Amino acid sequence: MPELPEVEVVRAGLQRWVSGREIRAVDVLHPRAIRRQEGGVAELAAGLRGQTLRCASRRGKYLWLPLVEPGIREPESALIAHLGMSGQLLVEDPGAPDEAHLRVRFTFADGGTELRFVDQRTFGGVRVTALVPDDRGGRLPVEVAHIARDPLDPEFEEDAVVRRIRSKDSEIKRVLLDQTVASGVGNIYADEALWRAGIHGRRIARRLTAAQVRLLLAEVRTVMEQALSQGGTSFDALYVNVNGQSGYFDRSLEAYGREGEPCRRCGAVIRREAFMNRSSFWCPVCQRAPRGSTPSRG
DNA sequence: CATAGATCCTGTATGC
DNA sequence: TGCATACAGGATCTAT
C-alpha cells in the first residue's frame, strides 16, 4: 500500500519520464477517479490540454506537477494525484494494452509514452487544482495546504512536531496516522516504527516522554529511508513504480504482517489486533501495553 | 475545538 | 462447486 516511500519512488519516476512534456489530451475511463474534480471531465481536459508539466513534487502521500502554458512562467494550477491504496501511475508505450483497471490516460504532444492512472479499488484519484501560497513563500495545491510536512522534508520542524504529538490525548498510533501532525505515515510504517522504538501503539501520546517521541520520529525516518532505498514495499503488485516494477522492502518488515511469527529481537510471538478498521501488529514483550489496555485474543 | 468511528471500493482468500 | 463473508486501508465525512 503506498505510503511515503512508495509515493516518493513514483514521484521520481514522474520527474524522469513526464516532467517537461506538454499534454495533448486526457481520457477518463472511470468517473470515480476524478470525483473531486470541479467541473468534471470537461474542466479536467480544459485544464490540461496544451499545458506543460513542471517538476514532480510530493508532500506526504500527495503528488503533484505544476502546469504552465507556453510563454507563462509562474504556474497557477497543478495536476495532483493521490494513489489511495491501490493507485498506480504508469508510463507506457501508446500501443501497450489497456490495464483492467485503467481509469485515466494522459497523452503528450510529442507522441511518446503516455501516462496512465490505474486503480483497482478507486480510493485514489487525479484532478487539476489551484496552487496557493504556503508558509514559506512557495506554492502548494490547495488540497495539500492542510497536510503537515513529512519527516523526510528538510524543513520538517522536529521540536514543534514533538510538542504537537505530546499535546494529543489519543493513542500514539492514531496520532502517527494523522496527516495534519506529520504526513506520509500509513499503517505499515506506523507499526514498523513503533516496533523499532519499542512503543505500543495504544500508549496515549501525551503520556510519552519527549525522548520517546523523538526516538519514534527517528525510527519513522529510518524505516522510510530504508524502504526508499529498496524501492518501497509491495505485497501484491498493487504498488509499483512508473515502470510497473515492485519494491522489495516487504522482506525487511519486522512487525507488519508477522502475526504468529517470532519477534526478530526477542523471539516472542508477534500479535495482531483490529485497529481503525485495519490491523496492528506488535511484539508483546518489546512493546509493553499501557495499563488498562485489553489484551487481544488471549 | 478535539477525538472516534463509519464509509468508500473491489479482488483475493477463506469458510461452510 | 457456489455462495457468503472477511480483509486490505487513506482520506474524508459525520457524530459525539
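Please read all numbers here as calculations on a predicted model, not as lab measurements. To find a chain, count down the sequence lines: A is the first, B the second, and so on, and within it residues start at 1.
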**Request:** List for me each residue that meets side chain to side chain contact (heavy atoms under 4.5 Å, CB included) alongside A:R32, sequence neighbours excluded, and say none if there are none.
**Result:** A:H30, A:R35, A:T122
**Message:** Can you list everything that forms a side chain to side chain donor-acceptor pair (under 3.5 Å) with A:R163? Sequence neighbours excluded, please.
**Reply:** none
**Asked** By side chain to side chain donor-acceptor pair (under 3.5 Å), which residues pair with A:D169, not counting sequence neighbours?
**Response** A:R206
**Prompt:** What ring pair (Phe, Tyr, Trp, His ring centres under 6.0 Å) pairs are there with at least one residue in residues 93-125 of chain A, not counting sequence neighbours?
**Reply:** none
**Asked** What is the bend of the helix from B:dA2-C:dT16 to B:dC16-C:dG2 when you compare the axis at one end with the axis at the other, using five pairs each and rounding to 10°?
**Response** 60°
**Item:** Which residues share a side chain to side chain donor-acceptor pair (under 3.5 Å) with A:R58, sequence neighbours left out
**Value:** A:E8, A:D150
Per-pair distances, 0.1 Å, donor-acceptor, side chain in residues 49-56 of chain A, under 3.5 Å, sequence neighbours excluded:
| residue | atom | partner | partner atom | Å |
| --- | --- | --- | --- | --- |
| A:R54 | NH1 | A:R73 | O | 3.2 |
| A:R54 | NH2 | A:R73 | O | 2.8 |

**Fill in**
Sorted by chain and residue number, the side chain to side chain contact (heavy atoms under 4.5 Å, CB included) partners of A:T222 (sequence neighbours excluded) come out as A:R196, A:E219, A:Q226
**Asked** Who are the side chain to side chain contact (heavy atoms under 4.5 Å, CB included) partners of A:A96, not counting sequence neighbours?
**Response** A:E92, A:R116
**Asked** Has A:Q179 got a side-chain N or O lying under 4.0 Å from the OP1 or OP2 atom of C:dG10?
**Response** no
Would you list the protein and nucleotides 6-8 of chain C atom pairs, both N or O, that sit under 3.5 Å from each other?
| residue | atom | partner | partner atom | Å |
| --- | --- | --- | --- | --- |
| C:dA8 | OP1 | A:R272 | NH2 | 2.8 |
| C:dA8 | OP1 | A:S279 | OG | 2.9 |
| C:dA8 | OP2 | A:S279 | OG | 3.2 |
| C:dA8 | O3' | A:Y256 | OH | 3.1 |
| C:dA8 | N3 | A:R121 | NH1 | 3.3 |

**Request:** Under 4.0 Å from any heavy atom of chain A: name the first and the last nucleotide of DNA chain B that qualifies, 5' to 3'.
**Result:** B:dT3 to B:dG11
**Prompt:** Which part of the nucleic acid, if any, lies within contact of A:F275, taking any heavy atom under 4.0 Å across all strands shown: a base, the sugar-phosphate backbone alone, or nothing?
**Reply:** nothing
**Fill in**
Judged by nearest nucleotide, the residue sitting upstream toward the 5' end of DNA chain B, A:R32 or A:D169, is A:D169
**Item:** Non-neighbouring partners of A:E254 that pass side chain to side chain donor-acceptor pair (under 3.5 Å), sequence neighbours left out
**Value:** A:R264
**Message:** Taking atom CZ as the centre, does A:R265 end up with more than 12 heavy-atom neighbours from other residues, nucleotides or ligands that are less than 6.0 angstrom away?
**Reply:** yes
